[in-house]
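Accompanying notes for the structure given below.
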Amino acid sequence: NAGVTQTPKFRVLKTGQSMTLLCAQDMNHEYMYWYRQDPGMGLRLIHYSVGEGTTAKGEVPDGYNVSRLKKQNFLLGLESAAPSQTSVYFCASSTDPGRRIPGRTLDQQFFGPGTRLTVL
Amino acid sequence: AQSVTQPDIHITVSEGASLELRCNYSYGATPYLFWYVQSPGQGLQLLLKYFSGDTLVQGIKGFEAEFKRSQSSFNLRKPSVHWSDAAEYFCAVRPHTGTASKLTFGTGTRLQVTL
C-alpha cells in the first residue's frame with residue numbers, strides 16, 4: 001500500500017514550457033487535491049476533484065489545468081510555465097467527507113511527498 | 001470564508017522542554033480542526049484532528065491539542081520535546097458543510113529543537 005505517490009520529485013523548466021505532474025493513490029479515495037506550498041504562505045488549494053471525471057477550481061487555479069480520467073490518478077498540467085509557478089506541489093486524497101460510518105471518522109487528507117518545481 | 005492564523009513563524013525550544021504552538025481560526029461556526037507536521041523534504045502527516053466532543057484531543061507522537069471555542073483557538077502542545085520533533089507544523093480548518101473537504105491552512109510554525 002503505497003498511499004499517495006507523486007512524479008516527478010524534482011523538475012526544472014524554462015519559461016513557456018509545459019509539463020504534467022502525476023498523482024496516484026491506491027486507497028480508493030473519491031476526493032483528490034492539488035496544493036502549492038510557498039514560503040510564508042502555507043498550502044493553497046489549486047484544483048480538486050470529487051470523483052472520476054470531475055474537477056473544480058480551488059483558491060489559486062490560474063495557469064493550471066487538471067484531469068481525473070481514472071479514479072486513482074489526478075494530473076496537474078502547466079501549459080506555459082511562468083517563474084511565479086516555482087513552488088512545491090503537493091497532492092492529497094481523502095474519502096468522501098460526507099460519508100459517515102458509525103464509530104469511525106474518515107475525514108482525513110493523505111498527502112504525497114511533493115514535487116519541487118523550478119521555472120527559470 | 002474561514003481563515004487560520006499561526007502567529008509564531010519560528011520557535012526554538014530545548015530538548016525535554018514543553019511546547020505550545022498557537023493556532024487561531026476565524027469561522028462562523030465550529031469548524032473541523034487539524035494539525036499537520038511536515039518534516040524536511042517530506043509531505044504532510046496528520047498529527048490530530050478535532051470534530052466534536054471532548055475538547056482535548058490526543059494525537060500521535062505524544063502531541064495533544066485543546067479546542068477553546070471562546071478563544072477560537074486550537075493550540076498544539078507536547079510536554080517534552082524530542083530532537084526528532086524539529087519540523088514545520090501547520091494548523092488547518094475546514095467547514096462542517098460543503099461538498100469537498102477543502103482545508104484552509106495556516107502559514108506554519110517552524111520548530112527548532114536544541115540539544
Side-chain angles (χ1 to χ4, degrees), chain A residues 2-6 9-10 23 25 29-51 54-61 68 74 88-101 103-116, chain B residues 1-10 21-26 30-54 57-60 67 87-110:
Chain A
V4 180
T5 58
Q6 293 182 231
K9 288 184 169 50
F10 303 94
C23 175
Q25 53 94 4
H29 284 165
E30 294 88 351
Y31 284 58
M32 297 187 74
Y33 316 82
W34 275 108
Y35 294 90
R36 59 177 290 172
Q37 183 181 33
D38 302 294
M41 302 192 73
L43 276 77
R44 292 180 293 169
L45 183 65
I46 304 172
H47 286 279
Y48 65 98
S49 168
V50 302
T54 71
T55 63
K57 294 180 180 180
E59 182 184 353
V60 288
R68 184 99 180 267
F74 194 29
V88 181
Y89 292 86
F90 287 98
C91 176
S93 70
S94 73
T95 56
D96 179 353
R99 181 157 59 100
R100 293 287 179 261
I101 295 180
R104 291 183 60 188
T105 55
L106 303 175
D107 191 3
Q108 173 185 338
Q109 290 189 20
F110 292 83
F111 284 82
T115 295
R116 184 173 295 275
Chain B
Q2 67 265 26
S3 66
V4 181
T5 301
Q6 293 181 250
D8 304 307
I9 297 173
H10 187 207
L21 301 182
R22 296 183 290 166
C23 172
N24 293 95
Y25 68 89
S26 173
T30 300
Y32 292 150
L33 297 158
F34 305 81
W35 273 100
Y36 283 87
V37 60
Q38 184 182 29
S39 298
Q42 303 295 314
L44 276 72
Q45 180 184 20
L46 182 69
L47 283 176
L48 47 80
K49 56 191 175 185
Y50 172 78
F51 286 171
S52 64
D54 192 346
V57 180
Q58 301 298 320
I60 62 172
F67 168 60
E88 189 150 22
Y89 293 80
F90 293 94
C91 182
V93 303
R94 84 159 187 88
H96 277 220
T97 58
T99 58
S101 179
K102 289 194 289 183
L103 291 173
T104 298
F105 287 87
T107 52
T109 298
R110 183 168 297 279

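Side chains included, hydrogens not; waters and symmetry mates left out as well; all remaining heavy atoms used. Each chain gets a letter, A, B and so on, in the order its sequence line appears, and its residues count up from 1.
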(message) Given heavy-atom pairs under 4.5 angstrom as the criterion, report whether the side chain, backbone, both or neither of L43(A) touches chain B.
(response) both
(request) Look only at the side chain of Q6(A) and the backbone of Y89(A), and say whether a donor-acceptor pair between them is shorter than 3.5 Å. (result) yes
(message) I need the residue from G108(B), G41(B), A92(B), G43(B) with the largest number of non-hydrogen atom pairs under 4.5 Å to chain A.
(response) G43(B)
(message) Under 4.5 Å from any heavy atom of chain A, what part of I9(B) do you find: side chain, backbone, both or neither?
(response) neither
(message) For Q37(A), which atoms come within 4.5 Å of any heavy atom of chain B: side chain, backbone, both, or neither?
(response) side chain
(message) Within a 6.0 Å radius of atom CZ on R116(A), are there more than 12 heavy atoms belonging to other residues, nucleotides or ligands?
(response) no
(request) Would you check, one step at a time, whether the test side-chain hydrogen bond (donor to acceptor under 3.5 Å, both in side chains) holds for Y33(A) with S94(A)? (result) CA-CA 9 Å; Y33(A) 316 82; S94(A) 73; 2.8 Å; yes
(message) Quick check: closest heavy atoms across F90(A) and P113(A), and the distance to 0.1 Å?
(response) CE2-O, 3.5 Å
(request) Sort Q6(B) into side chain, backbone, both or neither according to what part of it lies under 4.5 angstrom from a heavy atom of chain A. (result) neither
(request) Look at the side chain of S49(A) and the backbone N and O of T54(A), then say whether any donor-acceptor pair between them is shorter than 3.5 Å. (result) yes
